[in-house]
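Here's the structure we're looking at; comments come further down.
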Amino acid sequence: MNKTELIEHIANEAEISKAASTRALDALISAVKKTLKKNGSVTLVGFGTFSVGKRAARTGRNPRTGEAIKIKAAKVPKFKPGKGLKDAVN
């Protein structure tokens, strides 16, 4: 399912227009991004938790030349599924 299909599904399930469901989805995504940027976490009970993890600096290899390169430390988004989502999948 892509974003367009998700918007259509939200519109049908919530019985709202596609424009309204687009605004709602964009607002949700924006809120998650802003919170993660501030090193916060977003918990949706029954669905899961979005959080920020840290990846340490490391040495990698350039696949073309085999030369060692330094990879900077980075913050990465993480998602931990909740019990409700796990149960729905299994």
Side-chain angles (χ1 to χ4, degrees):
M1 177 179 281
N2 61 31
K3 186 175 179 180
T4 304
E5 293 168 339
L6 181 58
I7 288 169
E8 190 171 319
H9 181 76
I10 292 169
N12 291 336
E13 289 291 316
E15 297 178 358
I16 58 176
S17 69
K18 286 185 184 179
S21 63
T22 300
R23 289 192 304 272
L25 182 60
D26 288 344
L28 172 69
I29 293 169
S30 175
V32 171
K33 283 181 184 178
K34 286 179 184 177
T35 303
L36 293 180
K37 190 168 186 162
K38 296 177 186 175
N39 286 328
S41 66
V42 177
T43 302
L44 303 171
V45 176
F47 183 72
T49 302
F50 296 92
S51 62
V52 177
K54 294 182 180 170
R55 186 181 304 153
R58 62 194 191 280
T59 302
R61 297 238 174 250
N62 181 334
R64 189 172 289 170
T65 64
E67 178 184 346
I69 56 172
K70 292 181 181 177
I71 302 171
K72 295 180 183 178
K75 293 190 285 184
V76 293
K78 295 168 61 175
F79 177 75
K80 182 179 178 187
K83 185 178 183 332
L85 181 59
K86 287 180 188 176
D87 291 345
V89 172
N90 289 322

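Rounding to the nearest 0.5 angstrom, the gap separating the CG atom in Leu28 from the CG atom in Leu44 is 7.0 Å. Distance CD1/Ile71 to CZ/Arg58: 4.0 Å, rounded to 0.5 Å.
Contacts classified as side-chain hydrogen bond (donor to acceptor under 3.5 Å, both in side chains) and involving residues 7-18 (residues at least two apart or in different chains) are not found. Among residues at least two apart or in separate chains, ring-ring contact (aromatic ring centres under 6.0 Å, His included) pairs with a member in residues 66-90 are Phe47-Phe79, Phe50-Phe79.
Side-chain atoms of Lys37 and Val52, non-hydrogen and from C-beta on, never get closer than 4.5 Å to each other. Side-chain contact check for Ile29 versus Leu25: some heavy-atom pair is nearer than 4.5 Å.
For the residue pair Ser21 and Ile10, the shortest heavy atom distance occurs at CB-CG2, 3.6 Å. For the pair Pro77 and Leu36, the tightest heavy-atom approach, listed with the atom from each and the gap, is CB-CD1, 4.3 Å.
Remark: the backbone N or O of Glu67 is paired with a side-chain donor or acceptor of Thr65 at under 3.5 angstrom. Between the side chain of Arg61 and the backbone N or O of Gly66 there is at least one donor-acceptor pair closer than 3.5 Å. No donor-acceptor pair closer than 3.5 Å links the side chain of Thr49 to the backbone N or O of Lys80.
By the salt bridge (Lys or Arg N to Asp or Glu O under 4.0 Å) test, Lys83 is found to be paired with Asp87, residues two or more places apart in sequence or in another chain being considered.
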